[in-house]
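Since the structure comes first, as structure tokens, the remarks are kept for the end.
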Amino acid sequence: QVQLVESGGGLVQAGGSLRLSCAASGRTFSMYGMGWFRQAPGKEREFVSSISGSGGSTIYAEAVKGRFTISRDNAKNTIYLQMNNLKPEDTAVYSCAISRGAWETRWRYEYDVWGQGTQVTVSS
């Protein structure tokens with residue numbers, strides 16, 4: 001059974017940085033794309049970033065492009081989300097997910113296992 005566990009969330013001031021981690025188990029990690037999504041109170045879950053199984057291809061939501069960087073370490077079965085220049089509007093629960101294929105994707109329906117999420121709060 002696949003399990004995803006996020007860590008690294010917290011409270012940070014605007015302009016600060018955080019690095020999220022997502023550790024996976026139960027699947028041949030390098031064969032699958034991975035993604036980060038976030039959900040703010042009262043809003044729908046939205047795409048943040050995704051990375052292919054090999055790590056060679058990445059995509060980002062426009063709202064985070066240039067500030068966030070996704071990466072993965074297949075030897076550690078872990079992906080990361082480095083978040084710089086954080087803004088109050090980045091406040092949300094951030095969840096990682098594993099896709100059904102090797103490619104990167106922004107579409108929620110292409111992910112079949114989700115983590116519980118980690119809270120990120122950015123104060124102004």
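A search for side-chain hydrogen bond (donor to acceptor under 3.5 Å, both in side chains) contacts involving Glu44 returns nothing, not counting sequence neighbours. In terms of the side-chain hydrogen bond (donor to acceptor under 3.5 Å, both in side chains) criterion, residue partners of Gln119 (sequence neighbours excluded) are, by chain and number, Thr121. Lys43 is linked by a side-chain hydrogen bond (donor to acceptor under 3.5 Å, both in side chains) to nothing, counting only residues two or more places apart in sequence or in another chain. Residues passing the side-chain hydrogen bond (donor to acceptor under 3.5 Å, both in side chains) test with Ser95: none are found, sequence neighbours excluded.
Side-chain heavy atoms closer than 4.5 Å link hydrophobic residues (I, L, V, M, F, W, Y) into clusters, and following such links, even through other members, never connects Met83 to Val93. Side-chain heavy atoms closer than 4.5 Å link hydrophobic residues (I, L, V, M, F, W, Y) into clusters, and following such links, possibly through other members, connects Ile51 to Val2.
Ser17 and Asn84 are linked by a side-chain donor-acceptor pair at a separation below 3.5 angstrom, with hydrogens and angles left out of the test. A donor-acceptor contact closer than 3.5 angstrom links the side chains of Glu110 and Trp103. Side-chain N/O atoms of Tyr80 and Arg19 include no donor and acceptor closer than 3.5 Å.
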**Derivation of the side chain to side chain contact (heavy atoms under 4.5 Å, CB included) call for Thr58 and Tyr60** = CA-CA 7 Å; Thr58 58; Tyr60 297 91; 3.7 Å; yes
**Item:** Test side-chain hydrogen bond (donor to acceptor under 3.5 Å, both in side chains) applied to Ser57 and Glu104, step by step
**Value:** CA-CA 7 Å; Ser57 184; Glu104 70 285 5; 2.7 Å; yes
Return all side-chain donor-acceptor pairs below 3.5 angstrom for residues 26-35, not counting sequence neighbours, or 'none' if the list is empty.
residue : atom : partner : partner atom : Å
Arg27   : NH1  : Ser99   : O            : 3.3
Arg27   : NH1  : Asp112  : OD1          : 3.4
Arg27   : NH2  : Asp112  : OD2          : 3.1

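One N or O on the side chain of Thr78 and one on the backbone of Lys76 form a donor-acceptor pair closer than 3.5 Å. The backbone N or O of Cys96 lies less than 3.5 Å from a partner atom in the side chain of Glu6, making a donor-acceptor pair.
Atoms SG and CZ, from Cys22 and Arg72 in turn, are 9.5 Å apart once rounded to the nearest 0.5 Å. To the nearest 0.5 Å, the span separating CZ on Arg38 from CG on Leu81 amounts to 9.5 Å. For the atom pair CD1 of Ile79 and OG of Ser71, the computed distance is 8.5 Å after rounding to the nearest 0.5 Å. In this structure, CG in Leu86 is found 11.5 Å from CD in Gln13, a value given to the nearest 0.5 Å.
Applying the under-4.5 Å side-chain rule to Ile, Leu, Val, Met, Phe, Trp and Tyr, the cluster around Phe37 extends to Phe47, Ile59, Tyr111, Trp114.
In terms of heavy-atom proximity, Pro88 sits nearest to Ser124 at CG-CB, 3.8 Å. Between Ser49 and Ile70, the shortest heavy-atom contact is OG-CG2, 3.2 Å.
The side-chain heavy atoms of Gln116 and Leu4, taken from C-beta on, include no pair separated by under 4.5 Å.
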